[in-house]
Amino acid sequence: MQHLMKAALVALLWLAAALLSRSMAHAATQTTLVWLSSGITFAALLVTARWAWPALLAGAGVAATVWGLVDHRLGVGPALAFAGVEVSSMA
């Protein structure tokens, strides 16, 4: 249960940071200079014991999948691929 709560917290913080990153995007090109959500995942991994990392990475993966579906309007497959890239870069 504790791992599930940590995963949910990482997911919520990841999505909040994604919204903040998007708000700082260049208006004409919608490009972001900094993707703050990766920092959330990295910080969570740094302050947590290694055996808890799978739950944290799962939370980040769920959040990245939701972000891909909602913000980028990707299909399920591409959204999962987007999340896979995000999570594997942190793992």
Side-chain angles (χ1 to χ4, degrees):
M1 186 61 135
Q2 185 179 14
H3 294 299
L4 184 61
M5 292 182 66
K6 285 182 182 180
L9 179 62
V10 167
L12 289 174
L13 291 173
W14 197 99
L15 288 169
L19 286 171
L20 181 61
S21 293
R22 186 181 63 179
S23 73
M24 295 186 296
H26 187 268
T29 61
Q30 285 299 309
T31 56
T32 57
L33 299 175
V34 174
W35 188 244
L36 300 173
S37 297
S38 294
I40 296 293
T41 307
F42 186 62
L45 293 174
L46 285 177
V47 300
T48 307
R50 182 172 267 176
W51 52 266
W53 285 10
L56 300 178
L57 291 171
V62 168
T65 302
V66 169
W67 185 258
L69 290 169
V70 174
D71 191 63
H72 294 295
R73 294 181 181 93
L74 299 173
V76 174
L80 289 171
F82 173 74
V85 169
E86 288 288 324
V87 171
S88 64
S89 68
M90 286 296 117

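This is a predicted model, so every value here is computed, not measured.
Listed by first and then second residue, the salt bridge (Lys or Arg N to Asp or Glu O under 4.0 Å) pairs that reach into residues 48-72 are R22-D71, sequence neighbours excluded.
No continuous path of ILVMFWY side-chain contacts below 4.5 Å connects F82 to V87, so the two sit in separate hydrophobic clusters.
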Practice item. Decide yes or no on side-chain contact (heavy atoms from CB on, under 4.5 Å) for E86 and T41, but give the supporting numbers first. Key: CA-CA 9 Å; E86 288 288 324; T41 307; over 6 Å; no
In a table with atom names and distances, give each donor-acceptor pair under 3.5 Å that connects a side chain of residues 51-66 to protein atoms at least two apart or in another chain.
unit_1, atom_1, unit_2, atom_2, d
W53, NE1, L45, O, 3.0
W53, NE1, T48, O, 3.2
T65, OG1, G61, O, 2.8

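Summarising the geometry of A18 relative to W35, their closest heavy-atom pair is CB-CH2, 3.6 Å, with the distance given to 0.1 Å. The nearest pair of heavy atoms linking S37 to S21 is N-OG, 4.4 Å.
You'll find the side chain of W14 stays beyond 4.5 Å of the side chain of L19, heavy atoms only.
Residue L9 is found in a hydrophobic cluster whose other members, listed by chain and number, are L13, I40; membership requires side-chain heavy atoms under 4.5 Å apart, directly or through intermediates.
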